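Notes follow the structure.
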Protein chains: 2
Amino acid sequence: MALRHAVLAALLDNEYSGYQLAKAFDIGVANFWHALPQQLYAELSKLEKDGLVTGREVVQTGRPNKRVFTVTAPGLAELERFVAAEPRPTFIRDDLLVKVQAADRVGTAEVLRQLDARAASAAEKMAAYEDLLLTLRGEATEEDFLRDGAPVGPYLTCRRGLALERETRDWCVHTAAVLRARRPGGEVPRG
Amino acid sequence: MALRHAVLAALLDNEYSGYQLAKAFDIGVANFWHALPQQLYAELSKLEKDGLVTGREVVQTGRPNKRVFTVTAPGLAELERFVAAEPRPTFIRDDLLVKVQAADRVGTAEVLRQLDARAASAAEKMAAYEDLLLTLRGEATEEDFLRDGAPVGPYLTCRRGLALERETRDWCVHTAAVLRARRPGGEVPRG
DNA sequence: CATCCCATGTAACCTGTTACATGATTAC
DNA sequence: GTAATCATGTAACAGGTTACATGGGATG
């Protein structure tokens, strides 16, 4: 019962279909919750069965119809309970960090390539988050929006995502530079 | 097959028992991989059965004996394969962020308390990581250690953890300040 | 005397991932 | 025509979590 609350929170500011929710979990929600589309479809079904969200058919032309979901009063109450509960420990799993941890004992050429790639993708995500922040606050300055604007929750979590990606990019760039300086050319010693 | 490589990487710089490994996964490895003690005991058994680590009984006085584990040549080869493979998408799950996402629609008093608590625990972890960095580099300056020191992998991942915790602390402090300014006193509107 | 730390697991359950399945429309 | 996007799932399997179990020694 954990994905459940992430989905409820994501549905607060918007109606979403499963497909749209999957997009939101790809960029935006991805800062703090990772989930696959299949999980989201399954979770939306369960949430609807439990009465925490309601679905509404949206007829579309030129593309398949879809069902969009909204949080119900019991759903909001469930979120309220979740918020009051002790948070679980934060959960990080990152392959690339495992590889850097092992950098002294394995070939670093691949690690360097992956660090470069990650730095580039972090830079892309930063740009995406900056766009999203602009969209969320509209005409307002950041200062004004943070004082009065709504919804502020998604804005604050997006800022977090931006800071995280900046940190990731900087760390990758720095780490790659350190490893390259230690082993000029990034070659793998053999034998 | 994912925890496996985190365990192998953690065992590279040291022999560890299951219990010690659990401690390492609590601070240090926690920056990039989350796992429970039960998982570690189970994984060590599997790794030993598969010949990727070897166990060695250490007789102790005044406390129970323990089995410490070392990575074998096949274990190192397995890590080498893992390093060459494409990394999986990074995995984050954070209850507190879900709660902030919902901040416009639920009571913020509890969220504020949890943000304060998280800021404090991030500050504690920063101190722990700073200590660990000092221990890892010994007498050397950071610059020298990054050029020649060993093992540099754990040092680099620890730096990442430090940066992450700093970012977490700053974001929590900032976010709490924003929410408090919007709703003076942090009270929950009812009705 | 109680509590914490060391030390290691098992068993039942829940959650998440991988692979597969379908089908229409739009953009190149 | 080929690929991408929209749209929604199922089924089998792998992985992770919760609860439980045990027992000695050190610390206050």
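Here the structure is a predicted model, which means the values were calculated and not measured. Because only heavy atoms are used, hydrogens play no part in the values below, and waters and symmetry mates are left out as well, while side chains stay in.
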Just call it for [X]: base, sugar-phosphate, or nothing, with non-hydrogen atoms closer than 4.0 Å on any strand.
| X | answer |
| --- | --- |
| A/R4 | nothing |
| B/Q60 | sugar-phosphate |
| A/K23 | sugar-phosphate |
| A/S17 | sugar-phosphate |

Nearest-angstrom distance from the residue atom [atom1] of [X] to [atom2] of [N]:
| X | N | atom1 | atom2 | result |
| --- | --- | --- | --- | --- |
| A/L44 | D/dA7 | CG | P | 14 Å |
| A/R56 | D/dA7 | CZ | P | 13 Å |
| A/R93 | C/dT17 | CZ | C1' | 12 Å |
| A/Y41 | D/dA11 | OH | C1' | 17 Å |
| A/F25 | D/dA7 | CZ | P | 18 Å |
| A/L21 | D/dA7 | CG | C1' | 13 Å |
| A/Q38 | C/dC20 | CD | P | 13 Å |
| B/L40 | C/dA7 | CG | P | 15 Å |

The nucleotide from C/dT18, C/dG9, D/dG9 with an atom nearest the side chain of A/L36 is C/dT18
Could you work out which one of D/dG16, D/dC6, C/dT18 sits closest to the side chain of A/P64?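 When the side chain of A/P64 is considered, D/dC6 is the closest of D/dG16, D/dC6, C/dT18.
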Check the phosphate of [N] against [X], side-chain N and O only, distance under 4.0 Å to OP1 or OP2. Yes or no?
| X | N | answer |
| --- | --- | --- |
| B/Y19 | C/dT8 | no |
| A/R88 | D/dT18 | yes |
| A/Q39 | C/dG16 | yes |
| A/H34 | C/dG16 | no |

How many angstroms lie between CZ in A/R118 and OG1 in B/T90, if you round to the nearest 0.5 Å? 3.0 Å
Is the distance between the ring centroids of B/F145 and B/Y155 under 6.0 Å? yes
Under the criterion side chain to side chain contact (heavy atoms under 4.5 Å, CB included), which of A/L97, A/V100, A/L96 is the partner of A/T175? A/V100
Taking for each residue the nucleotide of DNA chain C with the nearest heavy atom, is it A/W33 or B/K66 whose nucleotide lies nearer the 5' end?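 Going by which nucleotide is closer to the 5' end, it is B/K66.
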Taking the nucleotide of DNA chain C with the closest heavy atom to each, which residue, B/R63 or B/F91, is nearer the 5' end? B/R63
Please test B/D95 against B/Q114 for side chain to side chain contact (heavy atoms under 4.5 Å, CB included), starting from the C-alpha separation and ending with a verdict. CA-CA 10 Å; B/D95 277 13; B/Q114 291 175 26; over 6 Å; no
Please work out which of the three classes, parallel, tilted or perpendicular, describes the rings of B/H34 and A/F91, given edges at 30° and 60°.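 Tilted: the ring planes of A/F91 and B/H34 meet at 30° to 60°.
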